[in-house]
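The block underneath contains the structure these notes are about, expressed in structure tokens.
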Protein chains: 2
Amino acid sequence: MTLAHRVPELGALELLIAVARHGSMGGAARELGISQPAASSRIRSVERQLGVSLFDRSPSGSRPTEAGALVTDWARRIMEAAEAFDAGAQALRDRRDSRLRVAASMTIAEYLLPGWLIALRTARPDTAVSLLAGNSGAVAARLLGGEADLGFVEGLAVPAGLDGTVIGRDRLVVVVAPAHEWSARRTALTPTELAASPLILREEGSGTRQVLGAALASYGGLAEPLLELSSTTAVKAAVVSGAGPSVLSELAVREELVARRLLEVEVAGIHLRRDLRAVWPTGHRPSGPARELLSLTRAAP
Amino acid sequence: MTLAHRVPELGALELLIAVARHGSMGGAARELGISQPAASSRIRSVERQLGVSLFDRSPSGSRPTEAGALVTDWARRIMEAAEAFDAGAQALRDRRDSRLRVAASMTIAEYLLPGWLIALRTARPDTAVSLLAGNSGAVAARLLGGEADLGFVEGLAVPAGLDGTVIGRDRLVVVVAPAHEWSARRTALTPTELAASPLILREEGSGTRQVLGAALASYGGLAEPLLELSSTTAVKAAVVSGAGPSVLSELAVREELVARRLLEVEVAGIHLRRDLRAVWPTGHRPSGPARELLSLTRAAP
DNA sequence: TGAGGCCATAACCTGAATGTATGACCGATG
DNA sequence: CATCGGTCATACATTCAGGTTATGGCCTCA
């Protein structure tokens, strides 16, 4: 039985949340534009599926049970991810007729941009954003070719012909599964040890890999990878399953570190930071929606 | 049109990810136990829905387009949340016939436990876990009554009759929407200012609210709340929409802070930390699965 | 040149989700 | 005390997305 069969559909989760917020099934049904019996039946089917009763029904409304409150909170997390998906997808869809065209490197497009787009949507609901993802070179090319209004890159320097501003920092962290021997170390890893260790990495050309290679260049350079995988999440999955250590963006492993599914291993005497920058063609200071988006990405005071 | 209509169903996302991982639709179909045409048609319908083509088909397989790679990464985030949902739901379902019974406070049950359960499931796939959520008092009662084997509480002290160990720390942070005046402050907030400001909070009795009240007791105590909402996510939504400031667990707002949908406001001279503890009845040191789960929650070296 | 991958199309089937219609319950209100 | 307005549950017909099997075209590789 696959995961999708054990978790209710997104529509059901949305309904669940609406019922919890509304305190009534009929109210939630009206909000979502479906009939009351449809809502009632769908909630019931969720309860059947989960084997837990989620709401105490009464003629005066429906209140979440203890389990129901918990389940709706977990459901909200799924819907938040869905919201990010939607924001990103909408930007991809609007490739043609858009007013704000953003070009971003993969890590930023993957982990940060969807959140910014959600924020932008609440601030400027009518701004259509389009998104192009690629490496730093591609971002620069899009900007210089007039195909994008604002770019985001992670890297050591601003590409030629562009101006930019640092909007944040990304730290690369060495991560292992809890069962890995490194998790029991009481001393920090040395750069030499790290350089000599086969790692699970993304394919050649990924920004992470370049930064890592540069940082370890004077310690013997990067060892031959243990595994080369095509997406960050595939790398994470491999690490979690115990295949070996990896070095990944802190952005990418935040959740896993909190949940302790991955553990960070300290490295001594080496800087694995890189700046995240917003960039634009020299002279073309961002204005309008681009300026708005830029301001959303700035760090808090 | 609601969000659920713009985002593909979980089954479709799962398929999407499987195709990307497999490099072939037929292969993904076999993995998920459906027929190849079904997979093909479902992917096509996702592409129609999003208005973006996701895979380059060829007689030698299907490779993600640039947009496809991005979309599958976003999809993976949704599926991760779904996995956490599933882990939690399974624990709720197994209330009766379970071997490891966990009692946890709301914040931990909501934000941390699902991740631990995922990790536990990979380490001990056959351990059925049940979950009871409640406040610290309820957790203590369950443990002392023999209805739970291991507890997790956030709070200032270990409840009487229990032993425990600190497994982490939770910091309470003052958060506002980017448009809020506090986000432009160049100086830290004073505790007196914070105490005098009406906040958006969860209902009376929440652990967060107690800790906050205690920390501000000597500064005039907590002002009357601006809004009282029933779930952390409802509070977050209200803050994001600009209703006012709130004080929330760092765990709860991590994502929003990264995405800059919420901004943290520094507070001077006040400790808004609380320990997260695993607890058990005095004398009953955790053993077996409880010990395993406990070890998963311990901090990295 | 044949075998074995791959994907697409066609025709059909099933089941989940929805809508309409209806009834039972509770609480506030006159 | 009867009524009205809100709640949720049940019954039944309908629709449609997603599933199946069967088949064909295309490419690669031995």
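This is a predicted model, so every value here is computed, not measured. Each chain gets a letter, A, B and so on, in the order its sequence line appears, and its residues count up from 1.
Among residues at least two apart or in separate chains, side chain to side chain donor-acceptor pair (under 3.5 Å) pairs with a member in residues 28-56 of chain A are R21(A)-E31(A), H22(A)-E31(A), E47(A)-R57(A).
The footprint of chain B on DNA chain D, defined by a heavy-atom cutoff below 4.0 Å, extends from dG18(D) to dC27(D). Once you apply a 4.0 Å limit to the heavy atoms of chain B, the touched nucleotides of DNA chain C run 5' to 3' over dG5(C) to dT9(C).
Toward the 5′ end of DNA chain C lies the nearest nucleotide of E9(A), the other residue of the pair E9(A) and P59(A) mapping further downstream.
Among residues two or more places apart in sequence or in another chain, the side chain to side chain contact (heavy atoms under 4.5 Å, CB included) test is passed with A123(B) by E292(B). Considering only residues two or more places apart in sequence or on other chains, E9(A) meets the salt bridge (charged side-chain N to carboxylate O under 4.0 Å, His left out) condition with none of them. Scored by the salt bridge (charged side-chain N to carboxylate O under 4.0 Å, His left out) test, E66(B) finds no partners at all (sequence neighbours excluded). Residues passing the side-chain hydrogen bond (donor to acceptor under 3.5 Å, both in side chains) test with T208(B), sequence neighbours excluded: none. Partners of A138(B) by side chain to side chain contact (heavy atoms under 4.5 Å, CB included), not counting sequence neighbours, listed by chain and number: N135(B). Residues satisfying the side chain to side chain contact (heavy atoms under 4.5 Å, CB included) test with E228(B), not counting sequence neighbours, are R209(B), P225(B).
Considering CD1 of I78(B) and CZ of F85(B), their distance stands at 14.0 Å, rounded to 0.5 Å.
Heavy-atom distances under 4.0 Å link DNA chain D to S24(A), M25(A), G26(A), R30(A), Q36(A), P37(A), S40(A), R44(A) of residues 14-49 of chain A, given in residue order.
Considering only heavy atoms from C-beta on, L131(A) stays 4.5 Å or farther from Q90(A) through its side chain. Side-chain contact between R99(A) and D126(A): present, with at least one pair of heavy atoms (C-beta onward) separated by less than 4.5 Å. Contact annotation: the side chain of E256(A) never approaches that of V175(A) to less than 4.5 Å [non-hydrogen atoms, C-beta and beyond].
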Using residues 111-118 of chain B as the side-chain source, report each donor-acceptor pair under 3.5 Å to any protein atom, sequence neighbours left out, with the distance given to one decimal.
from	atom 1	to	atom 2	distance (Å)
W116(B)	NE1	A259(A)	O	3.3

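For the helix from dT1(C)-dA30(D) to dG30(C)-dC1(D), the end axes, each set by the C1' atoms of five terminal pairs, are bent relative to each other by 20° (nearest 10°).
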